[in-house]
2 protein chains.
Amino acid sequence: MIAVRRNKISGQASEPTLRRLPGYLFYLKKMREEGMLNISAPTIGKELKCDPTQVVKDLSVTGIKGKPKVGYNVYELCQVIENYLGFNKPNEAFLIGAGNLGSALMAYQESQTLGLKIIAAFDVDKDKVGTQIGGIHVLEYGKIFSLADRLKVKIAILTTPNNVAQWVAEELVDCGIKAIWNFTLTNLDLPGEIIIENTSMSAFAAVLLRRLNDSIIK
Amino acid sequence: MIAVRRNKISGQASEPTLRRLPGYLFYLKKMREEGMLNISAPTIGKELKCDPTQVVKDLSVTGIKGKPKVGYNVYELCQVIENYLGFNKPNEAFLIGAGNLGSALMAYQESQTLGLKIIAAFDVDKDKVGTQIGGIHVLEYGKIFSLADRLKVKIAILTTPNNVAQWVAEELVDCGIKAIWNFTLTNLDLPGEIIIENTSMSAFAAVLLRRLNDSIIK
DNA sequence: TAGATTGTTAATCGATTAACAATC
DNA sequence: TAGATTGTTAATCGATTAACAATC
């Protein structure tokens, strides 16, 4: 029997690897600014506190080639990671629900690299509509239908109250949205092809608190 | 040779389990409000899209006992999870850096269960000092030393600019802070006993973008 | 050349999933 | 009783870590 061998496609990174890459990128950009030309995996690993072998493996998903004894070219490395993650492309996104967390994310992307660019926010609150937060206009929710179609936006950040999240998400899918970054606690039930990235702040708090309580007991 | 068998301590939950527990809790509280008395692992699994066996295993860390064919008591389940995570205790925290993300988290905890309670915020910006965000006072950064000591606060949320994060973190450790929820991109280098929970927004964006791009190619 | 580092393959480790006996 | 569900133990799966040959 002949085994069929799949070609190794560059898009094979595991989720943990994907989560680590922005961390590498931030550090490498800092090193690039400081004028460093080459960097080795052990050096990166020491700084970010992870195994050098893992660094090598993580970086290999971008297809970069390093030189034994020398390491990787810092400038090239920054470029391939940015390119691999798609951080150098516009990645335009809508934000729905300009409440507390919503307006924060809008303001946040000014100072930090979020990876994507919020081009408009939507809300039903008449007081918020017409205002600007972090340079982003808050529009009337109803306008999302025509705008999504016109601008071909594929990504939505969902920061509405929990009780309307499912309903809004369904409308987003109707608008042609393909990926939803969900900050609500609601478990969205949507067609399988829609990409959902759930980010719940309390999940982090849970890990932190548990580790803290464990360390106090010991 | 006699094998030494460790007693199964309740604090043995893995990190993935810990991250899932707040999700269960939110759903169960909703069910409790709707008057549901008992719930089975398969029912929870169907809703949260995870394996029923995993639900059983996750819930078992709290020490709760279910009844075959009936499931778990919803009220009791909410209580034991809240208790296990420590979400029912005060968990008082300081927030340092009342900038964009910082003020967001302050406002956020009013509407969502964060798991911990921000009792004061600190900033060096004279314009922010004296104001109130989400009901939390912003105090002068210098005051943190005496207050941390007096109030015995053990948790700090770090939302300063990246370039001062390491420096501030070291001062927090001097203040007696034991756990730092780090929202900056800086890799904090602190004594080993300090608990650090790194939360970088761009890590989520990376996973979302990659999955989106992969799905478009296919 | 000698030695550090890359890059790959193998071993380990831990989490998820499957199997199944116990039980209500 | 019959059957669904718990709860535990075993099998699987995937990620991390270790080993090592290639190479600059």
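As the structure is a prediction and not an experimental result, all values here were calculated from the model. A, B, ... follow the sequence lines: proteins, then strands. Residue 1 opens every chain.
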A.B. asks: Mind listing the N/O atom pairs, protein and nucleotides 17-24 of chain D, below 3.5 Å?
C.D. replies:
none

A.B. asks: Less than 4.5 Å apart, side chain to side chain, heavy atoms only: is that true for Leu190(B) and Leu172(B)?
C.D. replies: no

A.B. asks: Between Asn83(A) (side chain) and Gln79(A) (backbone), is there a donor-acceptor pair under 3.5 Å?
C.D. replies: no

A.B. asks: Return the value, rounded to whole Å, for the distance between atom CG of Asn73(B) and atom P of dT5(D).
C.D. replies: 17 Å

A.B. asks: Starting at the 5' end of DNA chain C and moving along, which residue's nearest nucleotide shows up first, Ser40(A) or Asp58(B)?
C.D. replies: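 Closer to the 5' end of DNA chain C: Ser40(A).
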
A.B. asks: Within the 4.5 Å heavy-atom criterion, are Val55(A) and Tyr24(A) side-chain neighbours or not?
C.D. replies: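 Yes - at least one pair of side-chain heavy atoms lies under 4.5 Å apart.
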
A.B. asks: Base, sugar-phosphate alone, or nothing: which one does Pro52(A) contact when heavy atoms must sit under 4.0 Å apart?
C.D. replies: nothing

A.B. asks: Going by the ring pair (Phe, Tyr, Trp, His ring centres under 6.0 Å) test, name the single residue among Phe145(B), Tyr141(B), Phe94(B) that passes it with Phe122(B).
C.D. replies: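 Of the listed residues Phe145(B), Tyr141(B), Phe94(B), the ring pair (Phe, Tyr, Trp, His ring centres under 6.0 Å) partner of Phe122(B) is Phe94(B).
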
A.B. asks: Quickly work out the Ile64(B) CD1 to dT6(D) P distance and round it to whole Å.
C.D. replies: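 Distance, rounded to whole Å: 11 Å.
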
A.B. asks: How far apart are the C-alpha atoms of Ser202(A) and Phe87(B), what are their side-chain angles, what is the distance that settles it, and do they pass the side chain to side chain contact (heavy atoms under 4.5 Å, CB included) test?
C.D. replies: CA-CA 9 Å; Ser202(A) 47; Phe87(B) 279 13; 4.2 Å; yes

A.B. asks: Kindly write out the residues that satisfy ring-ring contact (aromatic ring centres under 6.0 Å, His included) with Tyr72(A), not counting sequence neighbours, or none if the list is empty.
C.D. replies: none

A.B. asks: Tell me: CG of Leu59(B) to P of dG7(D), nearest whole Å?
C.D. replies: 9 Å

A.B. asks: With a cut-off of 3.5 Å and sequence neighbours excluded, list every side-chain donor-acceptor pair involving residues 34-47 of chain A.
C.D. replies:
unit_1	atom_1	unit_2	atom_2	d
Ser40(A)	OG	Thr43(A)	N	3.3
Ser40(A)	OG	Thr43(A)	OG1	2.8

A.B. asks: Sequence neighbours left out, what pairs pass side-chain hydrogen bond (donor to acceptor under 3.5 Å, both in side chains) with at least one residue falling in residues 173-189 of chain A?
C.D. replies: Trp181(A)-Thr199(A), Asn182(A)-Thr184(A), Asn182(A)-Asn198(A)

A.B. asks: Run the salt-bridge test on Lys29(B) and Glu33(B) with the 4.0 Å N-O cut-off and return the result as yes or no.
C.D. replies: no

A.B. asks: Nearest whole angstrom, please: distance from the P of dT6(C) to the CD of Glu76(A).
C.D. replies: 13 Å

A.B. asks: Where each pair must be Watson-Crick or G-U wobble with both distances under 3.5 Å, what dot-bracket representation of DNA chain C is obtained, with crossing pairs in [ ] and other-strand partners as |?
C.D. replies: ..||||||||||||||||||||||

A.B. asks: Between Phe204(A) and Phe204(B), is the ring centre distance below 6.0 Å?
C.D. replies: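 When the ring centroids of Phe204(A) and Phe204(B) are compared, they turn out to be within the sub-6.0 Å range.
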
A.B. asks: Any side-chain to backbone donor/acceptor pair from Thr159(A) onto Gly97(A)? Under 3.5 Å, distance only.
C.D. replies: yes

A.B. asks: For DNA chain C, what residues of residues 15-32 of chain B have any heavy atom nearer than 4.0 Å?
C.D. replies: Pro16(B), Arg20(B)

